[in-house]
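Here the structure comes first, spelled out in structure tokens, and everything after it is commentary.
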Amino acid sequence: MAGWWRELLRTVRRYPWPTNVLLYAALFSAGDALQQRLRGGPADWRQTRHVATVAVAFHANFNYVWLRLLERALPGRAPRAVLAKVLCDQAFGGPVYVSAFYFGMSILQEKDDIFLDLRQKFWNSYKSGLMYWPFVQLTNFSLVPVHWRTAYTGLCGFLWATFLCFSQQGGDGTLKSAFTFLYIKGTNEVERPPKK
């Protein structure tokens with residue numbers, strides 16, 4: 001078991017961009033698969049491929065370049081530098097991530113109005129992200145080595161992708177809608193009689 005971990009560490013150091021991008025995309029796609037599982041319907045692998053495409057084509061690559069750019073512009077782990085990176089990430093990176101997700105998914109799903117989800121769900125999703133991402137990035141910028149930051153963001157993005165995919169599939173971009181869905185689903189499962 002330790003052998004594969006050492007090999008992964010060596011690969012990340014040798015090929016940081018592709019390794020981080022692939023790890024990020026795999027985790028982001030797994031978030032969509034979890035969201036589908038929580039909904040209880042059959043697996044929609046086409047949907048998961050769309051999420052993976054958006055993750056590989058944009059999110060993971062943008063994240064990799066963006067985090068490196070922030071580190072060059074605001075180097076170090078001093079509290080002032082970390083806070084400045086978090087603020088920049090939330091003010092500039094956050095809106096780009098959310099917009100690219102809704103826009104990219106609408107294009108891949110061939111929707112008639114590719115801006116509809118973006119118009120309807122952007123602000124709610126962005127505000128929901130402000131309750132999660134500043135804490136993730138605070139940890140990221142202060143504790144995680146630069147060559148692991150995109151993979152770490154992908155790991156945390158697993159939960160975020162689950163939420164975003166839920167919002168894109170039928171939520172309104174608020175945490176309240178996601179929690180309400182999970183609560184109602186859980187209540188229905190408790191009340192449902194066992195199958196014979």
Side-chain angles (χ1 to χ4, degrees), residues 1-32 34 51-105 118 121-165 167-168 173-175 178:
M1 184 165 151
W4 71 267
W5 181 251
R6 277 194 296 274
E7 188 58 38
L8 179 63
L9 291 174
R10 189 177 11 245
T11 303
V12 169
R13 289 185 195 277
R14 191 167 184 190
Y15 307 105
W17 191 323
T19 308
N20 273 276
V21 166
L22 291 175
L23 285 170
Y24 184 101
L27 290 162
F28 210 79
S29 302
D32 176 66
L34 174 62
V51 171
T53 301
V54 170
V56 169
F58 182 78
H59 277 216
N61 286 295
F62 177 78
N63 189 290
Y64 185 85
V65 172
W66 174 246
L67 294 179
R68 295 235 186 288
L69 179 75
L70 280 177
E71 191 58 37
R72 278 193 206 112
L74 303 160
R77 295 182 182 189
R80 178 177 281 180
V82 169
L83 289 176
K85 284 185 260 195
V86 170
L87 288 173
C88 285
D89 185 60
Q90 295 312 297
F92 302 109
V96 170
Y97 291 131
V98 173
S99 299
F101 177 78
Y102 286 125
F103 182 68
M105 290 299 292
L118 185 61
K121 301 172 184 177
F122 171 80
W123 283 111
N124 288 337
S125 297
Y126 177 65
K127 289 186 287 186
S128 296
L130 289 175
M131 292 184 267
Y132 179 65
W133 283 109
F135 303 105
V136 168
Q137 295 296 45
L138 188 65
T139 304
N140 199 9
F141 296 133
S142 58
L143 301 175
V144 178
V146 174
H147 61 275
W148 277 108
R149 286 189 180 162
T150 298
Y152 174 78
T153 305
L155 179 63
C156 298
F158 168 76
L159 292 175
W160 181 245
T162 303
F163 166 73
L164 269 185
C165 291
S167 294
Q168 195 265 332
T174 63
L175 290 174

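By convention here, the first residue in the shown sequence is residue 1. Every value quoted in this text rests on a predicted model; they were computed, and no experiment measured them.
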- Return each pair, listed once, that meets salt bridge (charged side-chain N to carboxylate O under 4.0 Å, His left out) where at least one residue sits in residues 130-146; pairs must be two or more places apart or across chains. none
- Query: Under the side chain to side chain donor-acceptor pair (under 3.5 Å) test, which residues partner Y152, sequence neighbours left out?
  - Reply: none
- Message: Please find the pair of heavy atoms, one from T150 and one from A60, that lie closest to each other, and give the distance.
- Response: CG2-O, 3.9 Å
- Within a radius of less than 6.0 Å around CZ of F92, do more than 12 heavy atoms belonging to other residues, nucleotides or ligands occur? no
- Message: On a heavy-atom basis, which atom in V54 and which in G104 lie closest, and how many Å separate them?
- Response: CG2-C, 3.9 Å
- Residue pairs involving residues 87-105 (criterion salt bridge (charged side-chain N to carboxylate O under 4.0 Å, His left out); sequence neighbours excluded): none
- Query: Do you know which two heavy atoms are closest between G157 and F28, and how far apart they sit?
  - Reply: O-CD1, 3.9 Å
- side chain to side chain donor-acceptor pair (under 3.5 Å) partners for R77, two or more places apart: none
- Item | Heavy-atom closest pair, residues S29 and V51 | CA-CG1, 4.2 Å
- Does Y102 have any side chain to side chain donor-acceptor pair (under 3.5 Å) partners at least two apart in sequence or in another chain, and if so, which? S125
- Task: Assign the ring pair W133 / W160 to parallel, tilted or perpendicular, where the plane angle (0 to 90°) is split at 30° and 60°.
- Result: perpendicular
- Task: To the nearest 0.5 angstrom, please state how far the CH2 atom of W148 sits from the OG1 atom of T19.
- Result: 8.0 Å
- When rounded to the nearest 0.5 angstrom, what distance separates SG in C156 from OH in Y24? 10.5 Å
- With side chains defined as the heavy atoms from C-beta onward, is the minimum distance between Y126 and S99 less than 4.5 Å? no
- Item | Qualifying residues under side chain to side chain contact (heavy atoms under 4.5 Å, CB included), relative to F58, sequence neighbours excluded | F62, V96, A100
Would you list the atom pairs, donor with acceptor, under 3.5 Å between side chains in residues 138-146 and any protein atom, with sequence neighbours excluded?
from	atom 1	to	atom 2	distance (Å)
T139	OG1	F135	O	3.2
N140	ND2	Q137	OE1	2.9
N140	ND2	T153	OG1	3.1
S142	OG	L138	O	2.6

- Note on the structure: Across all chains, not counting sequence neighbours, the side chain to side chain contact (heavy atoms under 4.5 Å, CB included) partners of A30 are F158
- Message: Would the distance check show the side chain of K85 and the main-chain N or O of G76 forming a donor-acceptor pair, the cut-off being under 3.5 Å?
- Response: yes
- Message: P18: which residues meet the side chain to side chain contact (heavy atoms under 4.5 Å, CB included) condition with it, sequence neighbours left out?
- Response: Y15
- Task: For V65, check side chain to side chain contact (heavy atoms under 4.5 Å, CB included) against everything at least two apart and list the hits.
- Result: W17
- Here the pair of heavy atoms bringing P134 nearest to G129 is CD-O, 3.6 Å
- Between atom OH of Y64 and atom NE2 of H147, what is the distance when rounded to the nearest 0.5 Å? 10.0 Å
- Using the test side chain to side chain donor-acceptor pair (under 3.5 Å), find all partners of N124 that sit at least two apart in sequence or belong to another chain. none
- Grab the two heavy atoms, one from L27 and one from L155, that are nearest each other, plus how far apart they are. CD1-N, 3.4 Å
- Main-chain N/O of Y97 paired to H59 side chain as donor or acceptor, under 3.5 Å: yes
- Note on the structure: The complete set of salt bridge (charged side-chain N to carboxylate O under 4.0 Å, His left out) pairs with one or both residues in residues 123-151, sequence neighbours excluded, reads E71-R149
